[in-house]
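Scroll down for the structure; my scribbles are underneath it.
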Number of protein chains: 2
Amino acid sequence: MATKLNWPSADAVSAARANIPDIVVGRLPVYLRTLELMAGEGREVASSQELGARLGISSAQIRKDLSHFGEFGKQGTGYNVAFLRRQLEQILKVNCVWPVVLVGAGYLGHALASYNGFEHRGFRIVAVFDSDPAKIGNRVSPSIVVEPVSAIGETLQRCQCQIGMIAVPAEAAQKVADTLVEAGIRSILCYAPITLNVPAHVRVEYIDPVIHLQHMTFYLRQGCDEGSAPS
Amino acid sequence: MATKLNWPSADAVSAARANIPDIVVGRLPVYLRTLELMAGEGREVASSQELGARLGISSAQIRKDLSHFGEFGKQGTGYNVAFLRRQLEQILKVNCVWPVVLVGAGYLGHALASYNGFEHRGFRIVAVFDSDPAKIGNRVSPSIVVEPVSAIGETLQRCQCQIGMIAVPAEAAQKVADTLVEAGIRSILCYAPITLNVPAHVRVEYIDPVIHLQHMTFYLRQGCDEGSAPS
DNA sequence: TAGATTGTTAATCGATTAACAATC
DNA sequence: TAGATTGTTAATCGATTAACAATC
């Protein structure tokens with residue numbers, strides 16, 4: 001790859017980014033998470049082999065993935081954990097804290113609002129919205145009080161937030177997504193079990209535990225009570 | 001494909017299952033979720049084209065994926081929603097309710113224990129464990145009281161449970177996984193931000209919102225406050 | 001019948017891996 | 001130097017898609 005010692009122009013960086021397979025980008029956060037863990041263990045260097053063993057993937061894949069972005073390792077030694085970590089943070093743009101808004105203040109919304117694992121990995125929930133009048137005004141974290149959904153537009157303009165999380169029931173999710181998009185959100189993490197319809201410039205990722213569970217039951221021997229059918 | 005009208009023997013089914021790409025299996029729950037939605041809308045038939053449009057994937061992919069399992073559609077018409085739904089439930093083995101145990105009774109554990117979206121999609125949390133003495137004995141749902149982690153072995157023997165969910169802090173997750181594996185669990189859904197080390201016969205899937213958020217920030221223009229670095 | 005859509009084939013496209021020269 | 005490990009190439013492997021005969 002040409003991108004070595006002299007870093008290219010901002011335009012060239014954008015172009016290079018566009019050519020990197022999305023599946024590769026998707027693995028970088030996992031590499032980063034592992035490096036954070038190893039840093040916590042006091043490890044100073046890590047080989048692609050060791051990383052691969054920890055993650056259950058091949059060392060070749062790790063080296064190839066990283067090679068899209070530069071040369072971060074040293075022959076005979078491996079990768080400096082702290083250095084590679086900083087590089088990945090930069091590549092993923094999490095060498096800072098992104099403000100995030102959350103819609104939905106039910107059990108899940110509460111869990112997300114009080115989760116303390118966001119901040120040191122680049123994210124901070126700065127506002128929580130709900131449509132239930134009974135919830136508006138409730139404090140969901142030391143610094144956050146639930147606002148009405150109708151306030152999304154105004155609040156988003158103030159905090160310049162590009163990321164939204166949706167933790168409302170499936171029936172309400174599309175409307176919430178429309179509101180977020182209207183307010184200028186560019187990325188949505190959707191916990192509602194539904195595929196959202198959004199314009200092309202908005203990226204959506206999904207978290208639905210049942211999807212994962214159903215993926216796993218395919219491989220299990222049927223051991224559940226067949227008498228009790230769902231729905 | 002040979003598997004058409006006469007269904008093959010149980011052995012042949014197992015063999016066929018083994019040859020189906022995991023990535024295909026992973027999309028079936030998404031198809032099923034969409035069919036449930038369409039059934040709720042009163043839709044009776046759906047073409048691969050329509051399903052694809054809703055999910056943002058090609059109609060060819062949907063037809064190809066389904067063709068691994070049989071012929072479920074009708075030329076000129078498409079798929080009968082209720083029929084295809086039943087078939088997918090059968091293939092994924094969610095035409096019944098699987099018991100699931102949950103370890104971790106923090107905010108997230110509570111949210112999972114009270115989530116009412118599991119049951120009609122094939123899963124029921126039947127026990128919740130925590131290591132914090134202050135939490136043991138607490139009621140987390142109408143039918144569930146938090147038990148000590150030390151009770152996992154015994155409880156699992158009683159409920160014949162093959163699936164576990166981990167919602168404990170990262171530092172505690174590996175030990176919990178070891179305990180679950182020891183107790184005979186075959187599938188783990190892990191919410192802790194860590195890659196677990198488990199024997200080959202145990203399947204693990206992960207849910208970590210930060211992984212998704214970091215995947216998305218790669219594509220955003222840096223808009224977060226660069227002064228406030230994480231960690 | 002005419003129009004629509006399936007299931008399947010073959011071609012294309014893309015991702016993973018094995019292997020190795022370079023080099024620390 | 002000898003051993004280890006990188007970054008990269010080329011080969012392999014697998015997944016997606018376009019196209020179409022079959023047929024409802």
Side-chain angles (χ1 to χ4, degrees), chain A residues 1-7 16-28 30-31 35 38 43-81 83-85 87-88 91 215, chain B residues 1-7 16-28 30-31 35 38 43-81 83-85 87-88 91 215:
Chain A
M1 183 161 177
T3 314
K4 284 193 183 184
L5 299 173
N6 295 337
W7 275 93
R17 291 200 154 232
N19 289 329
I20 291 163
D22 186 64
I23 197 163
V24 170
V25 177
R27 281 189 293 260
L28 300 185
V30 181
Y31 299 164
L35 290 165
M38 296 180 77
R43 299 293 313 282
E44 291 195 349
V45 294
S47 66
S48 58
Q49 179 137 114
E50 185 184 359
L51 281 166
R54 266 180 108 123
L55 295 173
I57 61 184
S58 77
S59 62
Q61 179 160 87
I62 290 177
R63 293 198 301 279
K64 182 127 231 281
D65 284 354
L66 295 177
S67 76
H68 282 100
F69 302 95
E71 300 184 345
F72 304 123
K74 196 182 272 184
Q75 282 104 324
T77 309
Y79 301 90
N80 177 292
V81 170
F83 176 74
L84 183 54
R85 177 186 181 181
Q87 294 300 310
L88 287 177
I91 291 164
H215 190 168
Chain B
M1 181 158 180
T3 314
K4 285 194 183 185
L5 298 173
N6 297 336
W7 274 93
R17 290 199 156 233
N19 289 329
I20 290 162
D22 185 64
I23 198 161
V24 170
V25 177
R27 281 190 293 259
L28 300 185
V30 181
Y31 299 164
L35 290 165
M38 296 180 77
R43 299 293 312 283
E44 291 194 351
V45 295
S47 66
S48 59
Q49 179 138 113
E50 184 183 0
L51 282 166
R54 264 179 110 124
L55 296 172
I57 62 184
S58 76
S59 61
Q61 179 159 87
I62 291 178
R63 292 198 303 278
K64 182 124 228 282
D65 284 353
L66 296 177
S67 75
H68 282 100
F69 302 94
E71 299 182 347
F72 305 123
K74 194 181 275 185
Q75 282 105 324
T77 308
Y79 302 89
N80 178 292
V81 170
F83 175 74
L84 183 55
R85 178 186 180 179
Q87 294 300 309
L88 287 177
I91 292 165
H215 190 167

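Values below: all heavy atoms of this structure, side chains included; hydrogens, waters and symmetry mates excluded.
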Take the protein atom CZ of B/Phe72 and the nucleotide atom P of C/dT8, then report the distance between them rounded to whole Å. 11 Å

Does C/dC24 have its OP1 or OP2 closer than 4.0 Å to a side-chain nitrogen or oxygen of A/Tyr79? no

Need the pair for D/dG3. Rule: Watson-Crick or G-U wobble, both distances under 3.5 Å, any strand; none if unpaired. C/dC24

Separation of B/Gln61 atom CD from D/dG14 atom C1', in whole Å? 13 Å

Interatomic distance where CG belongs to B/Asp65 and P belongs to D/dT17 [whole Å]: 10 Å

Side chains of A/Val25 and B/His215: does their closest heavy-atom pair fall under 4.5 Å? yes

Within residues 50-59 of chain B, which residues have any heavy atom lying less than 4.0 Å from an atom of DNA chain D? B/Ser58

Interatomic distance, A/Gln49 CD vs D/dA4 P [rounded to whole Å]: 11 Å

Could you work out which one of D/dT5, D/dC24, D/dG7 sits closest to the side chain of A/Arg63? D/dG7

In whole angstrom, what separates A/Glu71's CD from D/dG7's C1'? 6 Å

Regarding the side chain of B/Ser48, the nearest nucleotide among D/dC24, C/dT6, D/dT6 is C/dT6

Which sits closer to the 5' end of DNA chain C, B/Ser47 or A/Val24, going by the nucleotide each is nearest to? B/Ser47

In the structure shown, which nucleotide is the Watson-Crick or G-U wobble counterpart of C/dT17, with both distances under 3.5 Å? D/dA10

Side chain of A/Gln75, heavy atoms from C-beta onward: which of D/dC24, C/dA22, D/dA15 has the nearest atom to it? C/dA22

Residue pair A/Phe83 / A/Asn80: nearest heavy atoms and the distance that separates them: N-OD1, 2.8 Å

State, to 0.1 Å, how close B/Phe72 and B/Leu66 come at their nearest heavy-atom pair, and which atoms those are. CE1-O, 3.6 Å

Quick one: A/Leu66 CG to D/dT6 P, roughly how many Å, whole number? 9 Å

Out of D/dT17, C/dG7, C/dC24, which has the shortest distance to the side chain of B/Ala60? D/dT17

Closest nucleotide of DNA chain C for A/Ile23 versus for A/Thr77: which of these residues is on the 5' side? A/Ile23

Within the 4.5 Å heavy-atom criterion, are B/Ser47 and B/Tyr79 side-chain neighbours or not? no

Is there side-chain contact between A/Ser59 and A/Glu50, with at least one heavy-atom pair below 4.5 Å? no

With a sphere of 6.0 Å drawn around CD of B/Gln61, does it hold more than 12 non-hydrogen atoms of other residues, nucleotides or ligands? yes

Could you state the atom-to-atom distance from CG of A/Asn80 to C1' of C/dC24 in whole Å? 14 Å

Do B/Val81 and B/Glu44 have side-chain heavy atoms sitting under 4.5 Å apart? no

Could you tell me the separation between the CZ atom of A/Phe69 and the C1' atom of D/dT8, rounded to a whole number of Å? 16 Å

